[in-house]
Amino acid sequence: MRTGRGPLFLRRADGWLLPLDVERWCARADPVDLEVLDRCEGAVLDVGCGPGRLVAELAARGRIVLGIDVSEAAVARTLRLGGRSLRRSVFDPLPGEGRWDTVLLMDGNVGIGGDPRALLARVAALLAPGGLLIAETAEADVDERAEVQVVDVTDARTAGSPFPWARIGSAALLRHAGAAGWRAAAQWTSGGRRFVALRSDRDARSSADPPNRTAVISSQRARKPSADCPATAS
């Protein structure tokens, strides 16, 4: 994240390696990313925002957007790009809970926590009624969980601590979502990447009760920085 270059991989205990596309993540949003961002509605929460290319692009469009990531380097890079970001897990308390219009799980982040149904339940609690989840899924039709480490195969000293992860294809995600009461909104492939859009099963608001975007904006105002939770830009 600090250098914008790989190689980095997720490594399972059995030695299997999943390459991480660090260079693409650290570049500007590409045409496939822009297609996804065009589908976003209202205020957007980017879960596992990485180095912030999507947050920065949405901010440049004048959208209300916040990125969260557990990586200090990722949050710092997002802030340098002009985006708002917090060092948080999606399972931590977050600003604007229950009021976000769109949640993004890009770059395989539907695997966060290693339990897709738990992640779907958490995202449902973050979204406003009838809110939109856009998730990027695995290229293959897989549904697997594993303990993984982030590794640089050129330097064994860089291996991180193991953590739970999941690889989920579109069909598997739709199965999990259906069992949890989500409604499928769309699925598509672009540039060799696969995506699923889902609607929260919570009842949509009536026209007399619009989303409280003012509250979302207020919750993102800058706070005193700390090593654990860098403040968003004001």
### Query
What residues, two or more places apart in sequence or in another chain, satisfy salt bridge (Lys or Arg N to Asp or Glu O under 4.0 Å) together with Arg167?
Glu144
### Summary
Sorted by chain and number, sequence neighbours left out, side-chain contact (heavy atoms from CB on, under 4.5 Å) with Ala166 holds for Pro116, Arg145, Ile168
### Query
Which residues satisfy the side-chain contact (heavy atoms from CB on, under 4.5 Å) test with Pro162, sequence neighbours excluded?
Glu147, Gln149
### Summary
Residues passing the ring pair (Phe, Tyr, Trp, His ring centres under 6.0 Å) test with Trp16, sequence neighbours excluded, are none
### Residue list, side-chain contact (heavy atoms from CB on, under 4.5 Å) with Ala186, at least two apart or on another chain
Arg39, Trp188, Ala197
### Cys49 vs Ser85 side-chain heavy atoms within contact, under 4.5 Å
yes
### Query
Are the side chains of Val47 and Ile112 in touch, meaning some heavy atoms are under 4.5 Å apart?
yes
### Pairs satisfying salt bridge (charged side-chain N to carboxylate O under 4.0 Å, His left out), at least one member in residues 57-66, at least two apart
Asp38-Arg61, Glu57-Arg61
#### Entry: All salt bridge (Lys or Arg N to Asp or Glu O under 4.0 Å) counterparts of Arg199, not counting sequence neighbours
Glu41
### Task
For residues 111-137, pull every pair meeting side chain to side chain donor-acceptor pair (under 3.5 Å), keeping only residues two or more places apart or in separate chains.
Glu97-Arg122, Arg117-His176, Glu136-Arg193, Thr137-Ser170
### Query
How would you list, by chain and number, every residue that makes a side-chain hydrogen bond (donor to acceptor under 3.5 Å, both in side chains) with Glu35, sequence neighbours excluded?
Ser190
#### Entry: ring pair (Phe, Tyr, Trp, His ring centres under 6.0 Å) involving Phe9 - partner list, sequence neighbours excluded
none
### Message
Taking the basic N atoms (NZ, or NE/NH1/NH2) and the acidic carboxylate oxygens, is any pair closer than 4.0 Å for Arg53 and Asp107?
### Response
yes
### Task
Sequence neighbours left out, what passes side-chain contact (heavy atoms from CB on, under 4.5 Å) with Leu10? Give chain and number order.
Leu18, Leu20, Val148, Val150, Phe163, Trp165
### Task
Can you sort out the partners of Asp92 under salt bridge (Lys or Arg N to Asp or Glu O under 4.0 Å), two or more places apart, ordered by chain and number?
none
### For the student: nearest non-hydrogen atoms of Ala135 and Leu173, plus distance
CB-CD2, 3.8 Å
